[in-house]
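Proteins come first, then strands; the chains are lettered A, B, ... in the order of their sequence lines, and each starts at number 1. Everything numeric in this text was worked out from a predicted model, so none of it was measured.
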Number of protein chains: 4
Amino acid sequence: MSDIFYDKEIKIDKKSDTRDLILQTAAKLFRDHGYSGTTLRLIANNAGLKAGSIYYHFTSKEEIVDEVLNVGITSLHVAVQEAVAQAQNKEDHREIIGLAIKAHMRVVFSKADFSAANMRLHSQLPDSILDQETVRRLKYGELWDGLLLAARQSGELRQDIGVGFLRQFILGAMNWNIEWFDSQRSSVDALADRVVHLVFDGVFLPK
Amino acid sequence: MSDIFYDKEIKIDKKSDTRDLILQTAAKLFRDHGYSGTTLRLIANNAGLKAGSIYYHFTSKEEIVDEVLNVGITSLHVAVQEAVAQAQNKEDHREIIGLAIKAHMRVVFSKADFSAANMRLHSQLPDSILDQETVRRLKYGELWDGLLLAARQSGELRQDIGVGFLRQFILGAMNWNIEWFDSQRSSVDALADRVVHLVFDGVFLPK
Amino acid sequence: MSDIFYDKEIKIDKKSDTRDLILQTAAKLFRDHGYSGTTLRLIANNAGLKAGSIYYHFTSKEEIVDEVLNVGITSLHVAVQEAVAQAQNKEDHREIIGLAIKAHMRVVFSKADFSAANMRLHSQLPDSILDQETVRRLKYGELWDGLLLAARQSGELRQDIGVGFLRQFILGAMNWNIEWFDSQRSSVDALADRVVHLVFDGVFLPK
Amino acid sequence: MSDIFYDKEIKIDKKSDTRDLILQTAAKLFRDHGYSGTTLRLIANNAGLKAGSIYYHFTSKEEIVDEVLNVGITSLHVAVQEAVAQAQNKEDHREIIGLAIKAHMRVVFSKADFSAANMRLHSQLPDSILDQETVRRLKYGELWDGLLLAARQSGELRQDIGVGFLRQFILGAMNWNIEWFDSQRSSVDALADRVVHLVFDGVFLPK
DNA sequence: GATGAATGAGGCTTCATTCAT
DNA sequence: CATGAATGAAGCCTCATTCAT
């Protein structure tokens with residue numbers, strides 16, 4: 001995906017327009033129909049092409065998923081990293097982690113669907129892709145673990161539950177929304193605020 | 001699924017043994033490989049049959065998924081209902097909802113995989129099945145909404161967030177574990193305890 | 001190929017009829033159109049099937065070629081071996097090798113086309129098959145080398161040319177006929193007699 | 001093929017360099033992979049072009065094969081004719097035919113592969129090409145028949161076998177070597193000498 | 001009840017070919 | 001001259017499904 005982060009240039013690369021279009025289309029379809037449920041014909045038709053034409057841009061279906069997954073997790077990684085960097089100097093871990101959650105959720109619900117596809121496809125992937133994807137996921141996990149560890153050491157975070165489990169809890173609270181939330185009709189930012197609130201303080205009022 | 005809940009009857013129906021075996025096998029495979037990724041031949045072979053034989057017991061692949069999904073959500077519904085019933089007279093909403101969470105999670109990780117399949121398959125279903133499944137899901141949601149509404153009205157629950165959203169938050173916290181938790185190696189009950197803890201009180205200590 | 005050598009039984013194996021039919025059809029087509037030029041659809045149609053049905057009997061196109069090649073070279077090996085065995089006690093190497101040549105040619109032009117396919121396909125095979133086929137060919141070559149070595153040691157054979165080259169010369173003289181000879185219109189035995197004659201004594205009269 | 005025989009002209013046609021390159025590349029690939037096994041993309045890549053570019057020089061794949069075949073048989077025809085011409089005045093038919101055989105073999109193993117491709121491709125050709133190619137082959141056959149007829153009438157050649165069959169025997173002895181002989185590692189001239197020897201006098205010593 | 005055998009539809013992929021640039 | 005990009009047809013193969021046995 002060559003132009004997902006560009007800001008000013010109107011067109012960096014005319015040539016890769018179709019390639020990017022295929023990726024965007026594929027991401028959306030993968031997100032909605034799963035790996036096997038997304039056929040190349042489906043991708044092609046939705047991108048205004050014939051199935052065979054895809055092979056001018058990609059060598060296989062697997063190459064497409066792999067790139068979709070990669071863009072998805074990379075977008076998340078970069079966005080969370082940037083969000084965190086802005087609040088790095090502060091010592092308020094609630095704020096840092098809150099910004100991370102909001103960044104993650106904003107990306108997951110952004111137009112391209114890459115990140116949503118990534119979060120959803122994992123269990124359906126063919127073995128040939130799983131390995132690379134797992135590595136990328138681990139790295140993203142480490143980013144979160146760093147944040148959580150710092151917060152824990154500062155004493156603000158609950159101590160009785162392991163960092164790994166805390167990370168999974170937060171991921172679940174964020175990603176499950178893909179299953180039901182309609183970002184066309186409601187504000188993702190408002191959703192993210194509520195997620196932050198519940199993740200931080202729970203559903204029950206303190207006694 | 002004809003015999004998943006019976007206790008005392010020694011055999012309801014000898015004939016349906018194979019049918020149940022097919023369903024159990026299918027549930028596990030659906031859970032792991034998704035809808036399109038699970039072929040009838042795969043189900044048949046794993047059940048010790050040939051593909052054609054399945055059609056003596058079911059009329060189509062869709063009938064199989066539909067029943068798997070139905071058993072899955074029904075098991076959840078029944079289990080949660082029973083768990084709640086035992087604590088119904090008490091006024092402690094923390095306990096009631098805690099029991100509900102544990103019941104849900106125990107079923108999701110139970111051997112048969114029906115409930116896990118249900119939670120995972122939703123996005124990959126063909127349209128022909130979606131409607132019935134959506135109805136069943138709604139009913140299960142209402143069960144939870146009842147619990148949450150009572151707790152909210154009692155004043156124990158956070159008031160500033162809608163019941164529907166609270167439900168989704170809890171579902172996310174419970175179901176995401178399917179994606180990573182290995183129930184062969186760790187205790188589901190211990191996992192459930194931590195989920196209850198975090199869902200109730202959040203990851204941060206009260207200030 | 002399960003029944004290529006049976007004599008009396010009318011049907012050994014009803015089940016493998018289709019399988020054998022596919023092989024026979026494939027052999028003929030491979031012989032005439034080469035490896036890539038022979039499509040599964042072509043094989044299927046000529047065998048009265050639809051393309052997909054072939055996969056009930058074989059797992060891939062390569063499995064089909066491999067078996068065709070195997071039957072082809074095995075038929076040759078067995079036929080030549082038997083022919084030689086009958087004249088083994090004699091010391092007349094002209095007769096032994098003459099019988100070998102006639103046996104090879106009779107098999108190459110027999111109805112099934114397996115041997116003809118084998119002789120022709122070699123250069124077009126995918127790498128995945130080449131290895132096994134090469135092994136089989138080498139064994140067949142060794143059979144001939146044995147015959148030629150014996151004849152050479154007896155003093156009857158020309159000494160100034162290596163056995164390996166003699167073998168290739170004889171193979172060429174026999175197999176080239178596949179390219180032009182029409183076994184429907186002329187006698188293969190008469191052809192074989194002339195081949196024996198020329199191979200043994202050359203085209204020029206002794207001076 | 002526009003410049004395969006020129007000696008003196010420095011450049012007939014600069015433009016046709018690429019055309020010739022394509023033909024040379026195609027000849028080699030056709031020889032090794034057969035007709036269907038040789039794709040235009042393969043030819044293009046090996047010639048340092050993109051597939052589409054070939055269509056500036058040729059109107060179709062068939063035109064390419066046709067020209068490759070034509071160059072192949074023409075090279076043979078010319079080479080044999082020239083070889084024979086030099087010895088025409090002599091009455092020694094052994095020498096004349098020996099020179100013809102050596103000329104044929106030298107061309108078949110020469111770098112360009114056109115003749116080798118011709119000898120090998122025959123059985124895999126699409127109908128649309130077969131007719132023209134057959135005509136060319138017949139003419140080449142007549143050249144040989146002339147030589148053989150003269151030798152036969154002089155009494156030197158074996159009389160009991162038809163000229164047509166003698167021709168096929170000699171062609172087989174020459175062409176089969178394409179299947180196994182590695183001209184990079186051994187001398188084609190030495191090979192040709194042995195072929196001449198065996199073709200003329202056979203594998204057995206005269207009794 | 002179950003299986004062997006077959007099929008039509010459709011999946012991923014390759015190919016010869018076209019054509020605007 | 002050459003290429004980038006696309007296409008329709010076809011290639012190999014898999015799948016849900018059928019049905020006689």
Side-chain angles (χ1 to χ4, degrees), chain A residues 14-19 22 36-44 47-64 126, chain B residues 14-19 22 36-44 47-64 126, chain C residues 14-19 22 36-44 47-64 126, chain D residues 14-19 22 36-44 47-64 126:
Chain A
K14 183 75 200 279
K15 288 191 232 168
S16 64
D17 276 359
T18 303
R19 192 183 151 85
I22 292 171
S36 308
T38 299
T39 69
L40 286 182
R41 241 196 283 284
L42 200 58
I43 298 174
L49 294 171
K50 297 302 156 65
S53 310
I54 289 182
Y55 285 81
Y56 183 78
H57 303 279
F58 297 91
T59 64
S60 68
K61 185 179 180 182
E62 290 189 5
E63 191 183 297
I64 299 178
Chain B
K14 182 73 206 258
K15 286 192 230 169
S16 67
D17 275 359
T18 304
R19 191 183 152 86
I22 293 172
S36 309
T38 300
T39 69
L40 286 185
R41 201 114 44 203
L42 197 60
I43 299 173
L49 295 170
K50 295 299 155 64
S53 312
I54 288 183
Y55 285 82
Y56 182 83
H57 302 280
F58 298 91
T59 65
S60 69
K61 185 181 181 181
E62 291 188 3
E63 192 184 297
I64 299 177
Chain C
K14 183 75 201 278
K15 290 192 230 168
S16 65
D17 274 1
T18 304
R19 194 182 150 86
I22 292 171
S36 308
T38 301
T39 69
L40 286 182
R41 241 197 284 284
L42 200 58
I43 297 174
L49 294 170
K50 296 302 156 66
S53 310
I54 288 183
Y55 286 81
Y56 183 77
H57 302 280
F58 297 90
T59 64
S60 68
K61 184 180 180 181
E62 290 189 4
E63 191 183 298
I64 299 179
Chain D
K14 183 72 205 259
K15 284 192 232 169
S16 67
D17 275 1
T18 303
R19 191 182 152 85
I22 293 171
S36 308
T38 300
T39 69
L40 286 186
R41 202 110 48 202
L42 197 60
I43 297 174
L49 295 169
K50 296 298 156 65
S53 311
I54 288 182
Y55 285 82
Y56 182 82
H57 303 280
F58 299 91
T59 64
S60 69
K61 185 180 180 181
E62 292 188 3
E63 191 183 297
I64 299 178

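Each of C:E62 and B:E62 has a nearest nucleotide on DNA chain F; the 5'-most of these lies closest to C:E62.
Interatomic distance, CD1 of D:I64 versus OG1 of D:T59, reported as 8.5 Å (0.5 Å rounding). A:K61 contributes atom NZ, which lies 10.0 Å from atom CD1 of A:I54 (distance to the nearest 0.5 angstrom). Atom CG of B:L40 is separated from atom CD1 of B:I22 by 9.5 Å, given to the nearest 0.5 angstrom. Separating the NZ atom in B:K50 from the CZ atom in B:R41 is a distance of 10.5 Å, to the nearest 0.5 Å.
Proximity of C:K50 to the phosphate of E:dA6: no side-chain N or O atom is located under 4.0 Å from OP1 or OP2. A sub-4.0 Å separation between OP1 or OP2 of E:dT3 and a side-chain N or O of B:S53 is present. Side-chain nitrogen and oxygen atoms of A:H57 include none within less than 4.0 Å of the OP1 or OP2 phosphate oxygen of F:dG4. Distances shown here put every side-chain N or O of B:Y56 at or beyond 4.0 Å from the OP1 or OP2 atom of E:dA2. In this structure, A:Y55 does not reach the E:dT14 phosphate: none of its side-chain N or O atoms is under 4.0 Å from OP1 or OP2.
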Polar-atom pairs under 3.5 Å, protein N or O versus N or O of nucleotides 9-11 of chain F: list them with distances, or write none.
unit_1	atom_1	unit_2	atom_2	d
F:dG11	OP2	C:R41	NE	3.1
F:dG11	OP2	C:R41	NH2	3.3

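Taking atom CD1 on A:I43 and atom C1' on E:dT13, their separation rounds to 14 Å, with Å as the unit. B:I64 places its CD1 atom 13 Å from the C1' atom of F:dC15, with the value rounded to the nearest Å. Straight-line distance from the CZ atom of C:F58 to the C1' atom of E:dA6: 15 Å, rounded to whole Å.
Distances were taken from every side-chain heavy atom of A:L49 (C-beta onward) to each of E:dT13, F:dG4, F:dT7; the shortest belongs to F:dT7. For C:T18, taking side-chain heavy atoms from C-beta onward, the closest of the listed nucleotides F:dC13, E:dA6, F:dA2 is E:dA6.
In terms of heavy atoms, C:H57 sits closest to C:T18 at NE2-CG2, 3.4 Å. When all heavy atoms of A:S36 and B:S36 are compared, the closest pair comes out as CB-CB, 3.2 Å.
Paired runs in DNA chain E that reach 3 or more consecutive Watson-Crick or G-U pairs, where each pair keeps both distances under 3.5 Å, cover E:2-21 with F:2-21.
Using a 4.0 Å heavy-atom distance criterion, C:I54 is classed as making no nucleic acid contact.
The shortest distance between side-chain heavy atoms of A:F58 and A:R19 falls below 4.5 Å.
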